[in-house]
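Data first, discussion second: the structure below is written as structure tokens.
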Amino acid sequence: MPISTDRFEEIAEDDDTPAPGTNAEAILSFLRSNADQAFTQSEIADGTDVKRGSVGPTLVRLRESGRVDHRGQYWRISDHERSLDAALEHAAAAAGRHESETFDYDAWMEHAVDPREDREQ
């Protein structure tokens, strides 16, 4: 069924996150939980519920999107993916630390700059 161009424009262009329950999601989850190691395709199949015949093609797609690295017969989560995970963890921790703080609007206003005001006065 076709969609409108407005609906098409609302679709996130960079949302390439594998859907839950897919082979890609299972493999990424396994590699993330073992980020300090690299595995063969057989070891990845043994560590996940992904069929051996599907592991290779899925890994190739994940490598093409920069999510996993491949050397010789070994595969691991990519440094880029690890840095994204670390950034998300940091942002969540920082937000959690500030969650209980109250915002002091008056103190903020003492230093805030109103962009509508002419700065050349």
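The residues of the chain are indexed from 1 along the displayed sequence.
- Atom CZ of residue F30 and atom CG of residue D49 lie 11.5 Å apart, to the nearest 0.5 angstrom.
- Between D36 and R76 there is no salt bridge, since no side-chain N of the basic residue sits under 4.0 Å from a carboxylate O of the acidic one.
- Residues V68 and R63 share a closest heavy-atom pair of CG2-N, 3.4 Å.
- Between the side chain of E43 and the main chain of T40, a donor-acceptor pair closer than 3.5 Å is present.
- Within the model, atoms CG of L62 and CG of D69 stand 11.0 Å from one another, a figure rounded to the nearest 0.5 Å.
- Contact between P18 and A24 at its shortest, heavy atoms only, is CB-CB, 3.8 Å.
- Summarising the geometry, atom CD belonging to E25 is positioned 10.5 Å from atom OG1 belonging to T48; distances are rounded to the nearest 0.5 Å.
- The closest side-chain heavy-atom distance from L59 to I27 is below 4.5 Å.
- Separation of atoms CG (N23) and CG (L28) is listed at 11.0 Å; rounding is to 0.5 Å.
- Here the CD atom belonging to Q41 is positioned 11.0 Å from the OG atom belonging to S54, to the nearest 0.5 angstrom.
- Taking OG1 of T58 as the reference point, atom CH2 of W75 lies at 10.0 Å (rounded to 0.5 Å).
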